[in-house]
Amino acid sequence: MDAIILPSKLGGTLQVPPSKSMAHRLLICAALARGTSQVQNLSYSVDITATATAMAQLGAQLNTSAGTATVTGTGGHFAPPTKAVNCHESGSTLRLLIPVFSLLGKPVKFTGAARLFQRPHAVYANIFKNQNLPFTQTETSLEIQGPLQSGHYSLAGNVSSQFISGLLFALPLLQGNSTLTIAPPFESRSYVLLTQQAQSLFGVQSNWLNKNTLHIPGGQQYNATHCTVEGDWSQAAVPAVLGAVLGGVSVAGLSQTSAQGDKAILDILQRCGAAAQWQNGLLTLTPPPGGLCTPSDIDMADCPDLGPIVSTLGLFCRGTTRLVNAGRLRIKESDRIAAMQTELNKLGGALTSTQSTLTIPGPAKLTATQPAAAHTDHRIVMALTAAALMAGMPLTIAGAEAITKSWPSFFKDLQTIGAKVELT
């Protein structure tokens with residue numbers, strides 16, 4: 001699918017979708033719980049559907065309706081999958097569920113999009129190897145057999161926090177106590193806190209012995225509850241940046257006290273000179289005096305999903321913006337550093353990069369002389385759409401169907417605030 005973005009006058013309030021990160025976590029907890037839970041304010045993107053389907057393969061019963069899932073959990077009584085667990089392109093689904101499915105004690109095969117298995121899983125591979133458990137990864141699948149054992153685990157803190165969260169879901173269900181030590185630098189800590197927040201709603205606890213060590217009591221049980229998924233700060237970054245550059249856009253559905261790491265977009269935009277105001281549950285960003293944002297060095301260590309939209313913001317700043325500690329952008333659905341450098345430079349940018357940095361000189365005068373490519377990445381689609389709207393230029397984005405991974409109604413929602421979009 002091609003998306004043709006046309007010059008538009010934006011204004012109004014955009015309702016952001018529910019948090020994908022929290023939706024994964026609440027669905028997993030509900031599926032592991034004893035009893036029947038309701039998870040409200042769900043958006044059934046490809047990633048969330050992958051997690052819900054996987055938990056059904058583990059033995060949970062899920063009934064879905066518009067925005068709500070009623071989940072009768074396994075209560076610890078698992079059913080071995082009768083076929084491979086298809087994670088599609090969802091790294092969250094795969095990494096969060098490997099320790100959980102290990103509890104079966106039987107062989108389990110995970111499949112999905114090819115790039116999913118190009119992303120590193122050495123953390124789990126080493127854990128399984130150290131416990132003399134099978135773990136085999138190919139270019140198209142990953143096979144494991146557990147169960148993992150309780151005890152002491154040590155992980156590097158500069159790899160995906162999804163490995164930490166995956167262990168946190170499974171270890172409380174083992175009989176023995178466990179500890180989990182994360183070697184500094186501990187990046188993406190906020191996502192671990194999100195996992196703990198979700199677990200606490202279902203009665204499962206873990207405790208920080210110090211800033212880098214978690215104690216996880218064994219013999220716990222997830223218990224059913226009713227819960228609501230809060231709005232997604234990573235998706236909210238798009239309308240927030242539009243407001244900071246163009247003005248006239250407010251964002252609804254966000255929690256001011258959220259633990260989501262991508263809430264950092266608010267601090268980033270304020271440091272760049274934009275003004276932020278909360279009123280009646282709406283967040284409104286407005287441009288700084290003079291119209292152009294101020295550049296800065298922006299640390300991506302705890303909020304890598306903001307990389308594409310923040311690199312677009314840099315084109316509309318008065319000076320040079322640098323994304324630092326951004327190496328993990330290279331192992332997402334695409335190499336997001338290379339993708340944004342390629343696509344924004346097509347439009348007139350002059351971005352340069354190293355392995356872990358992206359430098360964006362601004363302000364840039366953008367013109368579209370050829371279609372942009374989505375690189376099969378939903379966040380690239382969002383960032384390029386924002387670039388076109390902020391530059392007031394027509395732009396064709398090829399492969400825009402990638403947006404269904406996390407925000408299926410993205411273009412429809414943008415139209416509610418005046419964006420002119422044609423889909424072909």
Side-chain angles (χ1 to χ4, degrees), residues 19-21 23-24 45-48 50-51 87-98 110 112-124 137 139 142 156 158-166 187-188 190-191 194 232-235 237-238 260-262 264-265 298-314 323-344 351 353-358 360 372-387 397 399-407 410:
S19 165
K20 190 160 67 84
S21 296
H24 282 298
S45 63
V46 173
D47 281 13
I48 297 305
T51 291
C87 300
H88 297 277
E89 288 185 308
S90 178
S92 296
T93 301
L94 178 60
R95 288 173 171 173
L96 295 178
L97 293 187
I98 285 173
F110 296 93
R115 185 169 171 85
L116 186 62
F117 299 101
Q118 296 172 16
R119 297 166 74 171
H121 297 97
V123 172
Y124 284 151
Q137 181 171 335
E139 293 180 355
L142 191 154
N158 60 350
V159 296
S160 174
S161 64
Q162 291 166 352
F163 299 114
I164 302 167
S165 290
E187 299 176 359
S188 295
S190 59
Y191 287 96
L194 271 187
D232 195 320
W233 274 95
S234 59
Q235 315 292 48
V238 177
Q260 294 177 51
D262 289 332
I265 188 62
I298 302 172
D299 192 336
M300 294 283 101
D302 200 40
C303 53
D305 284 344
L306 296 181
I309 187 63
V310 171
S311 61
T312 299
L313 170 68
L323 309 190
V324 299
N325 295 322
R328 274 191 289 145
L329 272 69
R330 293 194 180 275
I331 53 173
K332 296 290 187 175
E333 286 82 344
S334 68
D335 179 337
R336 288 177 176 166
I337 290 178
M340 291 308 297
Q341 182 175 348
T342 297
E343 300 308 321
L344 295 182
L351 284 70
S353 65
T354 67
Q355 179 61 28
S356 61
T357 67
L358 184 61
I360 309 106
H375 296 257
T376 66
D377 191 328
H378 55 130
R379 301 212 184 273
I380 304 301
V381 176
M382 295 182 211
L384 292 174
T385 300
I397 305 172
E401 68 275 5
I403 198 63
T404 60
K405 185 177 193 296
S406 66
W407 195 346
F410 175 69

Subject >> Plane angle bin for Phe117 and His121 - parallel if under 30°, tilted between 30 and 60°, otherwise perpendicular >> reply: tilted

**OP:** Heavy atoms only: give me the nearest Ile309-Ala383 pair and the separation to one decimal.
**Re:** N-CB, 3.9 Å

Subject >> Sequence-distant partners of Ser334, side-chain contact (heavy atoms from CB on, under 4.5 Å), two or more places apart >> reply: Arg336, Ala339, His375, Asp377, Ile380

Original post:
Measuring from Thr342:OG1 to Leu351:CG, what's the distance to the nearest 0.5 Å?
Top reply: 9.5 Å

Original post:
Are Ile397 and Glu343 side-chain neighbours, meaning at least one heavy-atom pair lies under 4.5 Å?
Top reply: no

Subject >> Pair Ser406, Gln235: side-chain N/O donor-acceptor within cut-off below 3.5 Å >> reply: yes

Original post:
How about Gln118: does its CD atom have over 12 heavy atoms from other parts shown lying under 6.0 Å from it?
Top reply: yes

Original post:
Which atom pair, heavy atoms only, marks the closest approach of Met340 to Pro308?
Top reply: CE-O, 3.6 Å

Original post:
Looking only at heavy atoms, which two atoms of Pro304 and Leu329 are closest? And how far apart?
Top reply: O-CD1, 3.5 Å

**OP:** Report the distance from atom SG of Cys87 to atom CZ of Arg95, rounding to the nearest 0.5 Å.
**Re:** 11.5 Å

**OP:** Would you name the heavy atoms of Ala301 and Glu187 that are closest together and state the gap between them?
**Re:** O-CB, 3.5 Å

Original post:
Just how far is it from atom CG of Asp262 to atom NZ of Lys20, taken to the nearest 0.5 Å?
Top reply: 10.0 Å

Original post:
Which atom pair, heavy atoms only, marks the closest approach of Ala326 to Ile337?
Top reply: O-CD1, 3.5 Å

Subject >> Nearest atoms (heavy-atom pairs only) where Tyr191 meets Asp302 >> reply: CE1-O, 4.0 Å

Original post:
Under 4.5 Å between any side-chain heavy atoms of Phe410 and Thr385, yes or no?
Top reply: yes

Original post:
Can you tell me how far CZ of Arg119 sits from CD1 of Ile331, rounded to the nearest 0.5 angstrom?
Top reply: 7.0 Å

**OP:** Could you tell me whether Lys405 and Glu333 have a side-chain N and a carboxylate O separated by less than 4.0 Å?
**Re:** yes

